[in-house]
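In this text the structure is predicted, and so the values were computed from the model without any measurement. When a ligand or atom number is given, it counts from 1 through the structure's own listing order.
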Amino acid sequence: MIKYVAEPFKIKMVEPLRITTRSEREEKLKEANYNLFGIESDDVYIDLLTDSGTGAMSDAQWGGMMTGDESYAGARGYKRLQNTVKDIFKYKYCQPVHQGRAAEQVLLPSLLKKGQKCISNMHFDTTRGHVGLLGARAVDIVVPEARDTQTYVAFKGNMDVERLEAYINEVGAEEVGLIIMTITNNSAGGQPVSMANIRATKEIADKYGITMIIDAARYAENAYFIKQREEGYADVEIIDIVREMFSYADAFTMSAKKDAIVNMGGLIGIRDSEDLFTKVKGLTIPYEGFVTYGGLAGRDIEALCIGLYEGLDKNFLRYRIGQVEYIGAKLKEAGIPFQYPVGGHAVFLDAKGLLPHIPYFQFPGHALACELYLEAGIRSCDIGSYLLDLDPETGEQQEAEMEFTRLAIPRRVYTQAHFDVVIEALINIKKKASEIKGYEILWQPPVLRHFTAKLRPIE
Ligand SMILES: *Cc1c(COP(=O)(O)O)cnc(C)c1O
């Protein structure tokens, strides 16, 4: 029996939640054209749409907001951020930006040329987008275990280093502009990457003279998994694990909306290349603003400096990963299928397993997300065929390898009782699973349709 890890904080400010009835939710969902992005947050009871920018800041972070320096140039916060990055990551240079994709926009043009390949264990969507905008090609080389949803493997987010080297030899090292290690591996379900794997990937990068960077959105969760699961790290402090992880890269991009627990913010770190830093500063000014604020208010930079440390606290991480593991254990007990083991920031429900009567072209992941909303006002999202746009060549619906419904867990926001509501809702849904209907799309835009498409249930 898994025990819920009690919160390592107490609550001093609350945000009331509106409780709706099922018939109200039926009305709201219909008005939103059965698209959960169209629901107003006031009509959601437990919002598990994303863990990005949805965390609760601490009293120390809110205190920092009051002392932030709003000077246009040379603000105090910039110095503090530089010192923080030097301390945590041992990187000489840093550049604040407004969020993760801005870090990609500002850093990647200096590292990738048109026609080159960019290799990652798995690119996050916006990273893939920026690689494409530069005329380069994003190639994912994750270990095959990432696709196995039922077997326990400690590090399903790893790069497949054998295939990586074979691929470099096949296309030629000069064709590969960059290697990006995404930790944790978001697109594989927040699965961690081992220290041995980061090290081995860097050795290959060095052997072929290729730059390696880290996509660091969930670096603290990854460090916690290394401490828990990798031999030799049980007694190493989280911050020392972080320092070793980052010693294997030349730079990093970070969405600070995840493990740095701010509502908006991003960061670039550069280990020691002054030349690269000069190029980054050059692009920051037109895209983000002057280098010492980089698209953020001074108060946001203060909150970021504090959040970077709070995200590394081992009691916080034990509670945070513990929440996700608690939900996973309860679902296992109830026979509700999900990707196992759970990752760091979310539970991926196996909608195909729960709703086998709904074919991929009627979107089981979306059907389960809608049902969770109707059942208890819980908002989640489809990570399956509905997320895939139509095939640009044939115009046909593409079939995803997995039909997931994602429950992403915001940091320091919900309690055990909230998660029990989620688990109970899923148990109720399982009982009437065969009655749940699939969906059809009535209207969709040509790309990224899931945000705005209009749907209806199939009667
Ligand atoms: C969220 C995320 C990004 C993009 O960051 P934004 O702050 O949303 O722009 C990039 N990479 C990974 C792995 C992420 O999770």
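Between the side chains of His123 and Asp140, at least one donor-acceptor pair of N or O atoms lies under 3.5 Å. Side-chain atoms of Gln397 and Ser385 include no donor-acceptor pair closer than 3.5 Å.
Contacts of ligand 1 (protein heavy-atom distance under 4.0 Å) are Gln99, Gly100, Arg101, Glu104, Phe124, Thr126, Thr182, Asn186, Asp215, Ala217, Arg218, Ser255, Lys257, Lys258.
Atoms NZ and CD, from Lys279 and Glu274 in turn, are 12.0 Å apart once rounded to the nearest 0.5 Å.
Ring pair Tyr439/Tyr386: centre-to-centre distance not below 6.0 Å.
The aromatic rings of Phe246 and Tyr219 lie perpendicular to each other, with more than 60° between the two planes, well past the 30° mark.
Not a single donor-acceptor pair under 3.5 Å links the side chain of Asn121 to the backbone N or O of Ile141.
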